[in-house]
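In what follows, a structure is listed as structure tokens, so that the remarks can point back to it.
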There are 2 protein chains.
Amino acid sequence: MDIREIFAINLRAARKEAGLSQEELAYRADLDRTYISSLERCVYAASIDVLDGLAKVLGVDPAELLRRPEGKARAASGPKSRKGSKAG
Amino acid sequence: MDIREIFAINLRAARKEAGLSQEELAYRADLDRTYISSLERCVYAASIDVLDGLAKVLGVDPAELLRRPEGKARAASGPKSRKGSKAG
DNA sequence: ACTCACCACAGAGTATTCTCTACAAATTCA
DNA sequence: TGAATTTGTAGAGAATACTCTGTGGTGAGT
């Protein structure tokens with residue numbers, strides 16, 4: 001599990017915990033909405049300045065956002081083809 | 001205390017702890033020597049990829065490098081004017 | 001004085017992050 | 001089904017991280 005993924009997972013979790021949309025978080029952290037989206041999809045490696053800004057808004061410690069999730073969530077690696085069971 | 005400073009302090013401490021020079025650390029982490037120097041002087045905001053690479057080489061947790069030093073270190077702020085008016 | 005190892009610092013170039021605009025899929029609500 | 005909200009994604013440009021090269025300063029050992 002790479003550091004971007006750890007960060008992405010923690011970021012999304014903390015964001016939801018705070019009850020914020022990507023847009024609202026972006027606004028408060030003075031960042032772009034699409035960039036938040038990218039971070040949660042591991043597109044970029046955020047700088048520690050960005051990390052710090054997000055942590056402040058989310059009310060967590062910066063180091064917390066890089067902490068590898070304990071349960072380790074091996075299953076979360078790939079959403080396989082979830083399209084099949086649509087049955088609609 | 002800004003996040004770059006926290007990182008700089010922790011990086012330098014971990015590096016010395018590991019008994020490495022900036023050059024040796026740079027080599028092992030596949031980074032440039034002058035860049036390591038810059039990071040320890042808060043010139044740049046490292047990306048989390050770099051942070052992760054350095055943490056691996058130094059044998060510490062990535063989150064550890066962002067952990068605010070306990071205690072304080074308020075005194076270490078500035079090397080006063082050590083120039084001594086050299087005058088050409 | 002000389003060498004050696006280590007570090008600060010600057011300038012220019014390359015690579016990557018981050019912003020902005022725009023469109024579309026997914027989700028929620030009525 | 002339809003409207004509002006949220007998120008994914010793409011492309012182009014501005015900002016900044018990161019590399020490479022070179023200069024100089026400091027302290028230890030000879």
Side-chain angles (χ1 to χ4, degrees), chain A residues 2-5 7-9 11-58 62 65-66 76 78-88, chain B residues 2-5 7-9 11-58 62 65-66 76 78-88:
Chain A
D2 114 358
I3 192 77
R4 294 194 192 187
E5 201 174 342
F7 175 61
I9 291 173
L11 175 59
R12 176 160 286 181
R15 178 174 64 79
K16 301 217 159 182
E17 185 64 29
L20 299 177
S21 66
Q22 290 179 352
E23 181 155 28
E24 185 60 24
L25 172 58
Y27 176 72
R28 298 194 193 185
D30 197 28
L31 293 170
D32 194 84
R33 179 188 76 72
T34 66
Y35 181 53
I36 300 294
S37 172
S38 297
L39 289 181
E40 291 187 358
R41 284 176 296 117
C42 307
V43 175
Y44 301 116
S47 71
I48 61 175
D49 281 359
V50 165
L51 179 77
D52 189 54
L54 290 170
K56 278 190 172 67
V57 170
L58 293 170
L65 292 177
L66 291 188
K80 306 307 152 74
S81 34
R82 188 171 294 288
K83 13 174 66 178
S85 19
K86 203 44 169 304
Chain B
D2 143 343
I3 191 77
R4 294 193 192 188
E5 201 175 341
F7 175 60
I9 291 173
L11 175 59
R12 176 160 287 180
R15 177 173 65 79
K16 302 217 158 180
E17 184 64 30
L20 299 177
S21 66
Q22 290 179 349
E23 180 156 28
E24 184 60 24
L25 173 59
Y27 176 73
R28 297 194 193 184
D30 198 27
L31 292 170
D32 194 83
R33 179 184 74 71
T34 67
Y35 182 53
I36 299 295
S37 171
S38 297
L39 290 181
E40 292 188 357
R41 285 177 294 120
C42 306
V43 175
Y44 301 116
S47 72
I48 60 175
D49 280 359
V50 164
L51 179 77
D52 190 53
L54 289 170
K56 278 190 172 67
V57 169
L58 293 171
L65 292 178
L66 292 188
K80 306 329 155 79
S81 37
R82 188 167 293 287
K83 14 177 64 171
S85 48
K86 200 41 174 315

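No hydrogens, no waters, no symmetry mates; every other heavy atom, side chains included, goes into these values. A note on names: the letters A, B, ... follow the listed sequences, proteins ahead of strands, and every chain is numbered from 1.
- Straight-line distance from the CG atom of L39(A) to the P atom of dT9(D): 14 Å, rounded to whole Å.
- When the side-chain nitrogen and oxygen atoms of S37(A) are compared with OP1 and OP2 of dG8(D), one or more of them lie within a distance under 4.0 Å.
- For R4(A), taking side-chain heavy atoms from C-beta onward, the closest of the listed nucleotides dA10(C), dT17(C), dC20(C) is dT17(C).
- Proximity of a side-chain donor or acceptor of R28(A) to a complementary backbone N or O of V57(A) within less than 3.5 Å is not detected.
- Residues of residues 45-56 of chain B having a heavy atom closer than 4.0 Å to DNA chain D, listed by number: A45(B), A46(B), S47(B), V50(B).
- Pairing each heavy atom of P62(A) with each of L51(A), the nearest pair is O-CD2, 4.1 Å.
- Heavy-atom distances to DNA chain D give each of D32(B) and R33(A) a nearest nucleotide, and the one nearer the 5′ end belongs to R33(A).
- Of the candidate nucleotides dG8(D), dT21(D), dA8(C), dT21(D) has the atom nearest to the side chain of T34(B).
- Interface residues of residues 18-27 of chain A facing DNA chain D, ordered by number: S21(A), Q22(A); criterion, heavy-atom separation under 4.0 Å.
- I48(B) approaches I3(A) most closely through the heavy-atom pair O-CG2, 3.7 Å.
- For the 3.5 Å distance criterion, the side chains of T34(A) and D32(A) qualify, holding a donor opposite an acceptor.
- Nearest-nucleotide assignment on DNA chain C puts the 5′-proximal partner with R12(B), out of Y44(B) and R12(B).
- Nearer to the 5' terminus of DNA chain C, by closest-nucleotide assignment, is the contact made by K16(B) (compared with the other of L31(A) and K16(B)).
- Screening R4(B), R12(B), R33(B) against E40(B) for a salt bridge (Lys or Arg N to Asp or Glu O under 4.0 Å) leaves a single residue, R12(B).
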Below 3.5 Å is the cut-off: list the nitrogen or oxygen pairs between protein and nucleotides 2-5 of chain D, distance only.
none

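- The CG-P distance, from D30(B) to dA15(C), rounds to 15 Å in whole Å.
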